[in-house]
Amino acid sequence: MTIFSGIRPTGSIHIGNYLGAIKNWLDLQDNHDCFFCIVDLHAITTPFQPNRLQEDVVRLAAFYLSLGLDPGKSTLFIQSQVKEHAELAWLLGTIAPFGELARMTQYKEKSRQLKPDQINGGLFYYPVLMAADILLYQTEAVPVGEDQQQHVELTRSLAQKFNRQFGQTFKVPKVLIPKEQARIRSLRDPERKMSKTDDPRGAVSFLDSAEEIKANVMRAVTDSEKGIKYDPEKRPGLANLLTIYAALENISPSEAEQKFADCSYRDLKEELSQQLISFIQPIQAEYQKWMKQPEKIKAILEEGRAKAQPIAQKTVLQAKNKMGLIG
Ligand code: AMP
Ligand code: TRP
């Protein structure tokens with residue numbers, strides 16, 4: 001299968017990005033044709049610092065590499081370096097129903113959080129650019145966390161509509177969402193998803209020190225019930241801690257529940273902190289090594305661009321021809 005996915009370069013990734021998306025990517029890269037992108041054009045739809053953007057791109061690439069994405073197996077590249085992403089987004093935008101874009105949950109949520117003058121056209125158009133990312137490579141499957149499911153469904157409907165209206169052009173991709181860890185919740189507010197931009201104390205970031213990880217996990221919001229039970233509906237905070245523990249241990253949440261059956265919340269949090277620290281520290285060490293070789297990272301991303309662009313060019317040419325534009 002051809003696989004495509006991406007993450008926005010916004011400083012550091014967190015354990016939600018890893019469990020919701022990257023862990024799946026690592027399994028897929030051995031047997032599939034994978035494209036993993038650094039979606040910088042998406043990053044500029046919300047407030048950002050121009051003088052930090054390039055460094056954030058290199059940082060995210062360093063995380064991709066330290067976590068085990070292998071440029072010998074997967075194509076790693078920067079979205080803005082393949083201008084066909086923007087070009088196809090324009091073409092697809094002309095068939096994207098305005099009402100459907102206005103109903104996108106992420107757009108509505110972001111618009112609520114931002115000041116009115118920060119809500120820009122790019123934010124509204126975000127899912128169309130994401131559809132272009134995916135369709136350019138004739139992608140068959142898109143491994144993402146649950147929050148992106150709606151965007152992949154829109155991508156499918158845009159592909160189908162384009163094929164119907166102008167003739168067969170795009171493969172219609174399916175979404176790949178992990179079973180239990182598709183939505184890791186904030187440690188501070190279990191009603192919300194873990195996100196480094198909302199509340200950093202609610203996230204376990206790959207750049208956090210051992211002390212920060214421990215402090216944030218020990219202060220994680222749970223409930224006032226007794227005993228360790230995996231019940232995502234009634235006890236979302238506790239279920240989230242068990243989910244993270246189980247996913248990193250490659251066991252099911254109910255196995256984790258059994259393991260901690262006779263423990264206190266405090267014991268569970270202590271054990272989870274230790275587990276997270278031992279998982280993250282070696283990755284941080286790898287990351288530091290990569291960050292000393294920015295030229296090597298840039299060369300890998302350039303190699304990725306050189307592999308991705310001819311495929312993207314071919315698809316855009318087909319789409320333009322089908323629409324009656326001069327290719
Ligand atoms: P982003 O940082 O928003 O670009 O997200 C990159 C990837 O991580 C996407 O596939 C998201 O679905 C996934 N992701 C982000 N936050 C979470 C979360 N809290 N739980 C699970 N997956 C997540
Ligand atoms: N919108 C995704 C997110 O916020 C990132 C993204 C952009 C993406 N383009 C993509 C994910 C294409 C999968 C495929 O997480």
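Indexing begins at 1, ligand by ligand and atom by atom, following the structure's order.
Shortest contact from atom 9 (N) of ligand 2 to any protein heavy atom: D133 OD2, 2.6 Å. With hydrogens left out, the protein atom closest to atom 12 (C) of ligand 2 is F4 CE2, 3.5 Å, a heavy atom. Looking from atom 10 (O) of ligand 1 to the surrounding protein, the closest heavy atom is G145 N, 3.2 Å. For atom 1 (N) of ligand 2, the closest non-hydrogen atom on the protein side is Y126 OH, 2.8 Å.
Each of the following atoms of ligand 2 lies closer than 4.0 Å to a heavy atom of R8: 4 (O). Each of the atoms 7 (C), 9 (N) of ligand 2 lies under 4.0 Å from some heavy atom of H42. Of all atoms in ligand 2, listed by their number and element, those nearer than 4.0 Å to a heavy atom of V144 are 11 (C), 13 (C). Per-residue contacts place V142 under 4.0 angstrom from the following atoms of ligand 2 (heavy atoms of the residue considered): 13 (C), 14 (C). Counting the atoms of ligand 2 from 1 in the order shown, those under 4.0 Å from a heavy atom of G6 are 5 (C), 6 (C), 8 (C), 11 (C), 13 (C).
When non-hydrogen atoms are compared, ligand 2 lies under 4.0 Å from neither the backbone nor the side chain of I7. Residue contacts with ligand 2, taken as heavy atom pairs separated by less than 4.0 Å, do not involve V152 at all. When heavy-atom distances to ligand 1 are checked against a 4.0 Å cut-off, R183 comes that close only through its backbone atoms N, CA, C and O. Only the side chain of Q148 comes within contact range of ligand 2, with a heavy atom under 4.0 Å; no backbone atom does. Proximity of H14 to ligand 1, defined as any heavy-atom pair under 4.0 Å, is confined to the side chain (atoms from C-beta onward). Residue contacts with ligand 1 for A182 involve N, CA, C or O but no side-chain atom from C-beta outward (heavy atoms, distance under 4.0 Å).
Looking only at distances, no side-chain donor or acceptor of T315 sits under 3.5 Å from a matching main-chain atom of Q313. N240 contributes no side-chain N or O that, together with a main-chain N or O of I184, makes up a donor-acceptor pair within less than 3.5 Å.
F4 has its ring centre no less than 6.0 Å from the ring centre of F36. Taking the ring centroids of Y64 and W25, they lie under the 6.0 Å cut-off. Taking the six-membered ring where the residue is Trp, the centroids of Y107 and Y126 are separated by 6.0 Å or more. Ring centroid separation for the pair F206 and Y287 does not come in under the 6.0 Å cut-off.
In the displayed structure, Q54 atom CD is contacted under 6.0 Å by at most 12 heavy atoms of other residues, nucleotides or ligands.
Checking only distances, Q106 never comes within under 3.5 Å of ligand 2, N or O to N or O. By the 3.5 Å distance cut-off applied to N or O atoms, N17 is counted among the residues near ligand 1. Looking at R8 next to ligand 1, an N or O pair under 3.5 Å apart turns up. Below 3.5 Å of separation, one finds an N or O of I184 facing an N or O of ligand 1. Of the N or O atoms in A21, none lie within a sub-3.5 Å distance of an N or O in ligand 1.
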Worksheet entry | Test log, rule salt bridge (charged side-chain N to carboxylate O under 4.0 Å, His left out), inputs R183 and D147 | CA-CA 7 Å; R183 183 184 157 90; D147 61 328; over 6 Å; no
Practice prompt. Might you work through the salt bridge (charged side-chain N to carboxylate O under 4.0 Å, His left out) test for K214 and E211, ending with a clear yes or no?
Written response: CA-CA 5 Å; K214 179 139 198 212; E211 294 71 36; over 6 Å; no
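The option from V39, D147, V144 that lies nearest to atom 12 (O) of ligand 1, judged by heavy atoms, is D147. Between the choices G20, A43, G16, G202, the shortest heavy-atom distance to atom 17 (C) of ligand 1 belongs to G16.
The side chain to side chain contact (heavy atoms under 4.5 Å, CB included) with Y18 is formed by just one residue from the set I283, I13, L67, N24; it is L67.
Contact check for L325 versus N321: no side-chain heavy atoms found under the 4.5 Å cut-off.
Judged purely by distance below 3.5 Å, without hydrogens or angles, the side chains of D267 and S264 pair a donor atom with an acceptor atom. Side-chain N/O atoms of Q81 and Q309 include no donor and acceptor closer than 3.5 Å.
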